[in-house]
Amino acid sequence: MSRFPYLRQDFAASIVVFLVAVPLCVGVAVASGVPAELGLVTGIVGGLVTGLMPGSSLQVSGPAAGLTVLVFEAVSEFGVAALGVIVLMAGLLQLAMGFLRVGRWFRAISVAVVEGMLCGIGLVIIAGQIYAAAGLKAPETGIGKIVGLPGAFADALGSTEALTSLAIGAGTVAVIVLWKKVPKKVQAVPGALAAVLLATLASLAFSLPVATVQVEGLLGVIQPPGADAFGELAGPAIWGTIIAFALIASAESLFSAAAVDRLHDGPRTQYDKEMIAQGAGNTVCGLLGALPMTAVIVRSSANVNAGAKTKASRVLHGAWLLLFAAALPSALALIPLPALAGILVHAGWKLIPFRQIAELWRGHKGEALILVVTAVSIVAVNMFEGVLIGLALAVIKTAWEASHLKTEVIDKGAGPIQVYLSGNATFLRLPKILDSLEALPQDRPIEVDLSGLHHLDHACRTALENWAERHSAPDTEPVKVTTANPVRATAP
């Protein structure tokens, strides 16, 4: 027992994480347009493969709601058969980034972009799963899902089956939300699991006309990518999806790791090793034709809150998932699909960072704008391009702020005109600098003080020197430029 001093705590935590993971694994798979068992396969790999590797000791990996939209788009475009090769190549790309020590650089990604990404994903998930809860077919595009909601509700009102299905989904959300109000002892059962159990019991007891999960068995759905799937790699279209999988899964995992680190006092995350662990997991998932994985904050926080101390808890949770999938696959066939839709609606709602948007708007309106534009772009276009738009805005904003410059001209009527530049003089501000300097009279002595500049790039330095050389009239004293170094005069 001395070799495993925390076995009791880790064992108890693994049961809690397993109970949280089952409905989420199945729900994410169904929403992604693939067999339910593939979600369990990814959860098993997340526990038994990624869980054993170094990186972040307490965060738990598996299929994530955050990748649901991207996976659904990939399956719609390339087919389920190509999913394995996409995940495989994304995993290999993650491994390469981990070995090249790129993991730590993901911490430099603008928080507003990440929050905007999660917000956009959350909105698309909520809209899409409302259709699923009503048993209706959802439009393909994110904007189509949202715009079509009024019509979907109108259709549901005219159908008893749709209303029944929608009631099951709404009831699932209500149970999850209200579960925090029940006694602490009852809360030992995760809210998502309780909601699914109650929905299943209600549909069985009253013989409700709702769709349930389709079951094929664990081995029946595992399909390693074949030659045709690898042939897809010859086309450029699939590579955009692969890069999107790798970057978004990595960003979500490493930001999750940072969040989990704030929840406990144990060892901190080693970001490059965690990137390698995620890459190894996705490589195995790809070989099995399963869903991509990321670290999942819902499961990870449940793991920490349940008292886990070491990685043993997440490895054991993978073992329980394997036993469940092997021994009780028929139990999945009893689960109503609207209940899983309800779980994902709640998960999507939690992805929308209401508090962060309000805080950013109060203190950093530019960051809040980036968050909103990223979210809207994901809804209006797609995941990959939406994130790229957000990153581009963040870079532009940073460049603009980094080039903040103040120009002050003092003319006392007699003596030289004094020009003070302070801040950062970059090429972005060069037109403004030259406009101010070229407006100065050529028949007066001019002194330009650059000692207040934090940064002077090559373009600005060259432009200032050229302006100083040609500005003064022949019978006027040359422009004097003062820097942090000794004063130097530039002849006309």
Residue pair [X] / [Y]: nearest heavy atoms and the distance that separates them:
X      : Y      : answer
Thr68  : Ala31  : CG2-CB, 3.6 Å
Pro336 : Thr200 : CD-OG1, 3.4 Å
Gln94  : Ser250 : NE2-OG, 3.0 Å
Ala195 : Ile176 : CB-CG1, 3.8 Å

Straight-line distance of [X] [atom1] to [Y] [atom2], nearest 0.5 Å:
X      : Y      : atom1 : atom2 : answer
Ser56  : Lys273 : OG    : NZ    : 12.5 Å
Thr241 : Met89  : OG1   : CE    : 13.0 Å
Ile242 : Leu233 : CD1   : CG    : 5.0 Å

Test side-chain hydrogen bond (donor to acceptor under 3.5 Å, both in side chains), reference Asn303, set Ser57, Ser14, Ser313, output is Ser313
Atom CZ of Phe72: over 12 foreign heavy atoms under 6.0 Å =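 Not more than 12 within 6.0 Å, no.
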Has the side chain of [X] got a donor or acceptor atom that lies under 3.5 Å from a matching backbone atom of [Y]?
X      : Y      : answer
Lys145 : Ala127 : no
Thr42  : Ala290 : no
Thr310 : Ala312 : yes
Arg314 : Gln59  : yes
Lys397 : Leu393 : no
Ser422 : Leu453 : no

Legend entry - Parallel, tilted or perpendicular: rings of Phe11 and Trp320 (30°, 60°):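 Answer is perpendicular, since the angle exceeds 60°.
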Is there side-chain contact between [X] and [Y], with heavy atoms separated by less than 4.5 Å?
X      : Y      : result
Pro292 : Val71  : yes
Val376 : Val379 : no
Pro353 : Glu359 : no
Met293 : Thr50  : yes
Leu83  : Phe78  : no

Given the options Asn282, Val87, Leu88, Leu287 meets side chain to side chain contact (heavy atoms under 4.5 Å, CB included) only with Leu88
So, Trp239 versus Phe245, ring centres under 6.0 angstrom or not?
->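 No.
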*Any side-chain donor-acceptor pair under 3.5 Å between Gln278 and Ser61?*
yes
